[in-house]
Amino acid sequence: MADDGPRVEVTRNGPYRVTGGPPLSRQVIGTDERGQSVEWIEGERLPDMDTYELCRCGRSGHKPYCDGSHERVGFQAEEGPAARVPYLQMAQEQDGPEYTLTDAEPLCAFARFCDADGQVWNLIEKPGGGERAKQEAQHCPGGRLVPWKLDERRALEPELPLSLGLIEDPAQGVSGPLWVRGGIPVVDDAGEPYEGRNRMALCRCGASKNKPFCDGSHAAVGFDDGAVTT
Ligand code: FES
């Protein structure tokens with residue numbers, strides 16, 4: 001029986017083909033008075049559609065949707081070196097008194113939640129810092145950072161709705177990746193799945209060196225999908 005649940009297909013040198021109608025909304029990185037990333041703000045909800053194609057070359061004139069510009073610009077989207085490496089194989093592990101933190105740097109989407117309050121890598125080791133460290137790691141959109149319950153070896157993943165988010169980063173004045181939430185499968189053009197994860201950030205600017213995943217390059221290239229500000 002065909003599975004008609006939500007799915008994201010990474011087409012070859014083309015857009016993300018979304019099927020199964022997952023809701024799509026803007027997800028804005030909210031900052032405090034010091035400019036530190038502290039919360040996710042639910043932004044504009046885009047029209048519901050069963051099937052749609054989202055630009056990943058960064059050149060569409062109709063973002064976030066594909067308008068065929070990838071063909072005009074000859075978009076080449078080679079897979080990055082870490083694209084097929086299982087998370088736990090590339091992650092470094094750091095134990096603290098309350099939680100363990102795993103960190104796979106190639107998946108960094110530059111949302112900077114880990115920088116607040118003295119950085120997650122310090123907080124995790126600090127007595128009493130575990131809860132804040134856990135929270136920061138759970139905010140990480142690409143799932144670079146994962147907190148674990150020390151004694152149970154259980155990942156403390158946040159509960160996320162089955163949905164897609166268009167990340168906007170007004171503090172940096174840029175737009176960010178496509179946030180795939182709740183374990184929506186991501187497959188290549190042959191239907192081969194990437195590792196299934198609760199949080200994944202897929203490149204939308206076309207500049208990542210770790211396609212299809214975001215590596216934070218949108219900040220360097222000043223990617224703007226036309227909706228950076230809330
Ligand atoms: S992927 Fe089609 S216009 Fe960008």
Side-chain angles (χ1 to χ4, degrees), residues 3-10 15-30 37-56 63-65 82-83 86-88 91 102-104 106-114 120 134-148 154-170 174-188 193-205 208 210-216 218 223 225 227-228 230:
D3 178 6
D4 54 2
R7 194 174 92 138
V8 176
E9 180 192 338
V10 181
Y16 298 115
R17 182 171 298 132
V18 180
T19 52
L24 178 67
S25 62
R26 299 198 188 275
Q27 297 291 329
V28 182
I29 299 174
S37 302
V38 289
E39 62 175 342
W40 284 106
I41 300 169
E42 183 78 28
E44 174 201 8
R45 170 88 177 251
L46 282 86
D48 287 335
M49 288 183 280
D50 185 61
T51 302
Y52 47 95
E53 294 192 334
L54 297 172
C55 174
R56 74 172 178 124
K63 296 185 194 75
Y65 303 105
Y87 174 77
L88 283 177
T102 49
D103 176 2
L107 299 179
C108 183
F110 194 55
R112 308 177 307 288
F113 289 97
C114 52
V120 71
K134 181 180 84 168
Q135 200 179 53
E136 292 190 3
Q138 288 180 332
H139 276 138
C140 174
R144 165 188 172 174
L145 299 167
V146 177
W148 298 72
R154 179 166 55 87
L156 300 169
E157 279 292 324
E159 268 194 37
L160 294 171
L162 215 61
S163 60
L164 297 179
L166 303 165
I167 292 181
E168 306 294 344
D169 187 352
V174 294
S175 301
L178 176 67
W179 192 7
V180 181
R181 309 195 302 175
I184 294 176
V186 176
V187 303
D188 66 15
Y194 291 91
E195 183 180 22
R197 302 194 66 215
N198 183 37
R199 300 173 271 164
M200 287 184 269
L202 302 181
C203 173
R204 287 202 294 146
C205 71
S208 172
N210 191 33
K211 294 186 188 72
F213 300 100
C214 170
D215 72 351
H218 53 274
F223 177 58
D225 68 4
V228 171
T230 48

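The analysis underlying the following values was restricted to heavy atoms, covering all of them including side chains, and did not include hydrogens, waters or symmetry mates.
Considering every non-hydrogen atom in both Ile184 and Met200, the closest pair reads O-CE, 3.6 Å. When every heavy atom of Ala137 is checked against every heavy atom of Arg199, the shortest pair comes out as O-NH1, 2.7 Å. Taking all atoms of both residues into account, the shortest heavy-atom contact from Lys211 to Ala83 is O-CB, 3.6 Å. Looking at every heavy atom in both residues, Leu46 comes nearest to Ser25 through CD1-CA, 4.1 Å. Contact detail for Arg204 and Leu178: the closest heavy-atom pair is CG-N, 3.6 Å. Arg197 and Gly143 make their closest contact through NH2-O, 2.9 Å (heavy atoms, listed as atom of the first residue, atom of the second, distance).
The residue from Ile29, Val174, Asp225 that alone fulfils the side chain to side chain contact (heavy atoms under 4.5 Å, CB included) condition with Glu168 is Asp225. Under the side chain to side chain contact (heavy atoms under 4.5 Å, CB included) test applied with Phe223, the options Cys203, Cys205, Pro177 reduce to a single match, Cys205.
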Original post:
After noting the C-alpha distance and the side-chain angles of Leu202 and Leu54, does the key distance pass the side chain to side chain contact (heavy atoms under 4.5 Å, CB included) rule?
Top reply: CA-CA 11 Å; Leu202 302 181; Leu54 297 172; over 6 Å; no
**OP:** Determine, stepwise, if the pair Trp40 / Leu160 fulfils side chain to side chain contact (heavy atoms under 4.5 Å, CB included).
**Re:** CA-CA 12 Å; Trp40 284 106; Leu160 294 171; over 6 Å; no
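The shortest distance between side-chain heavy atoms of Glu42 and Gln27 falls below 4.5 Å.
Note: Phe213 and Tyr194 have perpendicular aromatic rings, judged against thresholds of 30 and 60 degrees for the angle between ring planes. A tilted orientation is assigned to the rings of Phe110 and His218, their planes being inclined by 30° to 60°.
With sequence neighbours left out, Glu136 forms a side chain to side chain donor-acceptor pair (under 3.5 Å) with no residue at all. For Glu39, the side chain to side chain donor-acceptor pair (under 3.5 Å) criterion is met by no residue, not counting sequence neighbours. In terms of the side chain to side chain donor-acceptor pair (under 3.5 Å) criterion, residue partners of Tyr87 (sequence neighbours excluded) are, by chain and number, Thr102.
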